[in-house]
Protein chains: 2
Amino acid sequence: MNTLAEENYLKALYHLTMQTPEGAYTNYIAAYLQTKASSVTDMLKKLSSKKLVHYKKYQGVTLSKKGKQKALQVIRKHRLWEYFLVEKLNFRWDEVHEIAEQLEHIQSDELINRIDKLLGFPKYDPHGDPIPDANGYYEEIPFLTLFAIPVGEMVTICGVIDSSVSFLKLIENIGLTIGTLIKVEEIFEFDHSLKIAIPSRKTKVLVSQQISKNVLVKIKK
Amino acid sequence: MNTLAEENYLKALYHLTMQTPEGAYTNYIAAYLQTKASSVTDMLKKLSSKKLVHYKKYQGVTLSKKGKQKALQVIRKHRLWEYFLVEKLNFRWDEVHEIAEQLEHIQSDELINRIDKLLGFPKYDPHGDPIPDANGYYEEIPFLTLFAIPVGEMVTICGVIDSSVSFLKLIENIGLTIGTLIKVEEIFEFDHSLKIAIPSRKTKVLVSQQISKNVLVKIKK
DNA sequence: ATTTATTTTTAGACTTATCTAAATATTATT
DNA sequence: AATAATATTTAGATAAGTCTAAAAATAAAT
C-alpha cells in the first residue's frame, strides 16, 4: 500500500519516462509536479528503498517493473473515473481531471473493477488515452490520432474515438468529417492546439488537444 | 477546506454529541476513534481555533454551528456513496462502509450533487439512516425502526425502508412480514443484534443491526 | 584542463498528526 | 476536607512530506 504522495510520483514518473525512456531528470520532475528538486530527491530515495524505482545519485531515475505496475494501476483508476464522470454523471471532458485526481487514490480493487464493469470495460478514456486493464495491460489506439501528427503532414480523417452526439456535432460543424483531407500547419506549444488547413473548403481551423486526441487519421502517401 | 483528520473528528463529534447533547468526553472520543486522549486534545484545540467546536479545557466539547454543518456534509457524502455502492455497483450493505469512509473525503460539491441526482435524491441510506441534503437538512424516519425498540416491548411490523427484492426475500424467510406482532427479548451489546420472539409462529430469531434498522414498527399499546 | 554554470544532493527547519510519559485538574471515596 | 482514583492536558518525540540554503557533482565553455 502506497501513500498518496508516492502514488502521485509513480504516475508522474510513468508519464515522464514514457516520453524519454532513458530516464527522468530531477529538475524536470520537480517542474512537472510543481515542487522543489530537493523534495524530488527525498521521494526518489524513498521509492528506491521500496524497490519501486531504479535510482542512482546524479544518474536519473527509471521505474522498476513493480513501480511501473503500480503506476499503471493508478492510471487505470484515473482514466476509469474520468470515463465514469463523463458517461454517468454528464461532466464535460475538461471538468473531470481534478476530481479524478482525487478518486484515483481510493483503495479498493473491487470498487474499480466494478466501475470498469459498469462502464462496459472501455479501452479508451474520454481524452482518447488507453485504459489499462486489471493486469496493467493496455492497447494503444491502432490508428494515429491527429494529436500525434507533426507539422506539415497531410492526413485523411478516418474515424473518431469519442462517438458522442456532442462530439460528432462539433467536428461536423468545423468541417473535420470522415474522409476529409487536412494539413497540420502549426502546433502551439502553449496548450498543444493545432492549426489545421482544410484544402477542400479553403479554410483553416484551430483545434484543441482534446479534439485532436479524439480524431483518428491516416497519413497520405 | 478541512483536512481528512479534521473531517473525521467532526463526523465523530457529530455522532457522539447526538447521543449525549451535553458534550463529548476526551477519553470517549479517543476510544471511538481508536486513538489516544492526548491526540484528541491536540485536535480539539485545532478545531477550536478554527471555530468548528466549542471547547474549554477539562470541560468537554460540542460542535459549533459551522462545525455541525461541516460534519453533516461529510455524513451526507458518506451515506450517498454507500447508497451508490449498493444501488449501482451491487455491493452488499456490509461491504460498503470502508470504501465510503474514503469516498466521503472527495472534495467536490458538484460531484456529490450529481451522485445525489443519479440516485434520485434518496432520503435514507441502505442502513436506514437519513441522508442530509445539500443544506444539511434531513428528516428522521417518521416511524420507529426495530433498532430503536427496548427489550420487553411488543411491536407490530408496519413497513420497511429498503425495498429491494433481496431484503424482502430475507425478512419473509425469517417470518418478519408486515403485520406480524413481535417482541424484543434481548439486545446483544456486541453488535446490537436482537433476539426477537414471533408468538404467531412460536419461534425466535436473531436479527442483525442492519436488518433491524430497515424494519419499521409501531408500538402495541 | 581550468573555470564557470547548471543540476542535484545534503543538512537542517517546518507542518500535520500522531504517540509516550509526566504533570495537572477533576471527581469520587473515605 | 483530605486523600485516592480517574480524566485531561502538556511537554517533548516521531514520521511523512515539504521547504530554503548551502554543498557537492556534473556538464559546458573558454
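Below, chains carry the letters A, B, ... as their sequence lines are ordered, and counting in each starts from 1.
Between D:dT9 and B:Tyr55, a contact under 4.0 Å exists linking OP1 or OP2 to a side-chain N or O.
Between the P atom of D:dA16 and the CG atom of A:Asn8 lies a distance of 17 Å, rounded to the nearest Å. If you take CG of B:Asn27 and C1' of D:dA5, they are 13 Å apart, rounded to a whole angstrom. Put simply, CG on B:Leu44 is 10 Å from P on D:dT8, counting in whole angstrom units. Between the P atom of C:dT8 and the NZ atom of A:Lys45 lies a distance of 15 Å, rounded to the nearest Å. Rounding to whole angstrom units, CG of residue A:Leu4 and C1' of D:dA15 are separated by 16 Å. Atom NZ in B:Lys56 sits roughly 17 Å away from atom P in D:dT8 (whole-Å rounding).
With sequence neighbours left out, A:Ala24 forms a side chain to side chain contact (heavy atoms under 4.5 Å, CB included) with A:Leu13, A:Leu16, A:Thr17, A:Ile29, A:Val61. The side chain to side chain contact (heavy atoms under 4.5 Å, CB included) test applied to A:Glu189 returns no partner, not counting sequence neighbours. For A:Tyr83, there are no ring-ring contact (aromatic ring centres under 6.0 Å, His included) partners two or more places apart in sequence or in a different chain. B:Thr41 pairs by the side chain to side chain contact (heavy atoms under 4.5 Å, CB included) definition with B:Thr26, B:Lys45, B:Tyr55, not counting sequence neighbours. Shown here are the side chain to side chain contact (heavy atoms under 4.5 Å, CB included) partners of B:Gln34, two or more places apart in sequence or in another chain: there are none.
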Which letters describe nucleotides 18-27 of chain C, given B = protein heavy atom under 4.0 Å from base, S = only from sugar-phosphate, - = neither? BBB---BSS-
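B:Tyr28 comes within 4.0 angstrom of nothing in the nucleic acid, heavy atoms only. A:Thr41 comes within 4.0 angstrom of a nucleotide base, judged by non-hydrogen atoms across all strands.
In this structure, B:Tyr32 and B:His15 have tilted ring planes: the angle between them lies in the 30° to 60° band.
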